[in-house]
**Student:** 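So that we are looking at the same thing, I have put the structure below in structure tokens.
Just so you know, ligand 1 is whichever comes first in the structure, and atom 1 is the first atom listed for that ligand.
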Amino acid sequence: MSGRRFVYVVACVAAIGGLLFGYDIGIISGALLFIENDFPLTPFLTGVVVSSILIGAVIGAGASGALGDRLGRRKLVLIAAVIFAVGSIGMAFSPTVSVLILFRIVAGLAVGAASALVPTYISEISPTDLRGTLSSVFQLAITLGILLAYVVNFALAGAEAWRWMLGLAAVPAVILFVGMYMVPETPRWLIKNNLMDEARAVLRRSRGREDVEQEIKEIQQVEREESQTEARELLAPWVRPMLVVGIGLAMLQQFVGINTIIYYAPTIINDTGLGASASILATVGIGVVNVLFTLVAIWLIDKLGRKKLLLYGLTGMTLGTIILGLGFVLPSLSGVVSYITLGGMLLYIASFAASFGPIVWVMLPEIFPLQIRGSAVGVSSLSNWVANFIVALLFPVLIAALGETPVFWSLGLICILSMVFVYFLVPETMGRSLEEIEEDLRKGVTVTS
Ligand code: BGC
């Protein structure tokens, strides 16, 4: 197998890392209900059980950069798959809540590392015209993981089988390991490490043609220019603007509040008076919309461009938050308000899934130069997880203190601020090779449209 089919398969294998990411985000809300039967949980302990994975993820994303630059993207994904399997099995067999928390941190290390490594891996192995599409497959896998978790929660809730819910994540971890074992390292990493024959072989296979010398020359050229510059590149002045864009995008993707919906959807819907079981079903519906609209992004991202799609998506998300907020101030009109709220939520999720969800993971590896790509994507992913942690922690507190409407309208305001950020600072990367993007960055040119 070679050419486009080959890169599609390779990207899908790597994207299983996203499935683990999503499954773990989605499964805990269901498992939590039954963990309490075995281990008495105070509200504080509940918070620690939920967020311990985020603490692991911050560390994993932070460490993955330098390690991925040194060991290679592929080898580190293999290690992450093993760590993930160990973490999941450990969680399933935890005798005490402290052991459970410990193994959630372990699994988090792998989730964080995967969030930085997999997008970089896919971006570096893809041909320019397919890069956005293939990188979005990572987000598709995240949304499939979340949906899978919602369905597993639903299926195992009757048996109260929380250990199975958590332990089953080991299955995709094993599949990821076997799959990644069979795919090659990225050509850019190989060239950077002077493994020219291997790089040539991977390029021939992934481009589906013999003559790959031009692409090798371009990668080498950029590599040469880089090695003449200082090693402490991460803070070099010419890289700084992109670091602001990367960290900014990564944090804003969380501060717009996506995970208030992903983590708390059943609670929010229940609060509108729809009833518990209808709320759980509505949550599965949200999972489905999340997957379907990611497909829309995959279709549009290499046609419309990253920026336009982001601006459209953020507009939809702003409207969604306005409607959500309204739903909570309108007097209850025999159930109608529940549907308004649900409608606002669906508009918000669909808009996020078609834009901000995938675009962050697509753009992070695109905007940084090869020499520091691993570390810079690592730092940006780390910021994404820190912001995720802050939102997960603050949301229930803010709802209790201020009520739903001001909270959702504040999220709308953050969507608007994100639009300003995107419009003025984010470059358009569609249709340009990673080397062209880097050359412009070096020259101080930012292509913003
Ligand atoms: C975000 C996650 C979020 C998921 C929802 C991802 O891009 O990083 O925090 O839960 O999308 O689909």
**Student:** In terms of the angle between their ring planes, are Phe352 and Tyr348 parallel, tilted or perpendicular, with boundaries placed at 30° and 60°?
**Tutor:**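 Parallel, since the angle between the ring planes stays under 30°.
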
**Student:** On a heavy-atom basis, which atom in Ile437 and which in Arg131 lie closest, and how many Å separate them?
**Tutor:**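 Closest heavy-atom pair between Ile437 and Arg131: CD1-NH2, 3.7 Å.
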
**Student:** Once the angle between the rings of Phe21 and Trp385 is folded into 0 to 90°, is it parallel (under 30°), tilted (30 to 60°) or perpendicular (over 60°)?
**Tutor:**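 Answer is tilted, since the angle falls between 30° and 60°.
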
**Student:** Could you give the distance from CD1 (Ile262) to CG (Asn290), rounded to the nearest 0.5 Å?
**Tutor:**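 Going from CD1 on Ile262 over to CG on Asn290, the span is 5.0 Å.
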
**Student:** Hey, could you give me the CG/OG distance between Leu295 and Ser136, rounded to the nearest 0.5 Å?
**Tutor:**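 Rounded to the nearest 0.5 Å, the CG-OG separation comes to 10.0 Å.
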
**Student:** Quick check for you: to the nearest 0.5 Å, what is the distance between Ile146 atom CD1 and Ile25 atom CD1?
**Tutor:**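 Answer rounded to 0.5 Å: 5.0 Å.
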
**Student:** If you measure from the Lys or Arg side-chain nitrogens to the Asp or Glu carboxylate oxygens, is any gap between Glu124 and Arg74 under 4.0 Å?
**Tutor:**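 Arg74 and Glu124: not salt-bridged.
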
**Student:** Can you list the atoms of ligand 1 that are under 4.0 Å from a heavy atom of Gln254?
**Tutor:**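 By the 4.0 Å cutoff, the relevant atoms are 1 (C), 2 (C), 8 (O), 9 (O).
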
**Student:** Side chain or backbone, does Thr143 bring an N or O within less than 3.5 Å of an N or O on ligand 1?
**Tutor:**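 Checking ligand 1 against Thr143, no N or O pair falls under 3.5 Å apart.
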
**Student:** Which ligand 1 atoms does Trp361 reach within 4.0 Å, using its non-hydrogen atoms?
**Tutor:**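 Selected atoms, number and element: 6 (C), 7 (O), 8 (O).
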
**Student:** Give the atom numbers and elements of ligand 1 that come within less than 4.0 Å of a heavy atom of Ile146.
**Tutor:**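 Close to Ile146: 5 (C), 12 (O).
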
**Student:** At what distance is the nearest protein heavy atom to atom 6 (C) of ligand 1, and which residue and atom is it?
**Tutor:**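 Minimum-distance protein heavy atom for atom 6 (C) of ligand 1 reads Gln139 OE1, 3.5 Å.
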
**Student:** Tell me, which protein residue and heavy-atom name are nearest atom 12 (O) of ligand 1, and how many Å apart are they?
**Tutor:**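 Of every protein heavy atom, Asn290 ND2, 3.1 Å lies nearest to atom 12 (O) of ligand 1.
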
**Student:** So which heavy atom in the protein is nearest atom 8 (O) of ligand 1, and how far is it from that ligand atom?
**Tutor:**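 Sorting protein heavy atoms by distance from atom 8 (O) of ligand 1 puts Gln253 OE1, 3.0 Å first.
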
**Student:** Pick, from Val360, Thr294, Asn259, the option with the minimum heavy-atom distance to atom 10 (O) of ligand 1.
**Tutor:**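 Heavy atom nearest to atom 10 (O) of ligand 1 belongs to Asn259.
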
**Student:** Just jot down the ligand 1 atoms closer than 4.0 angstrom to any heavy atom of Ile25, in number order.
**Tutor:**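 Counting from 1, the qualifying ligand atoms are 10 (O).
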
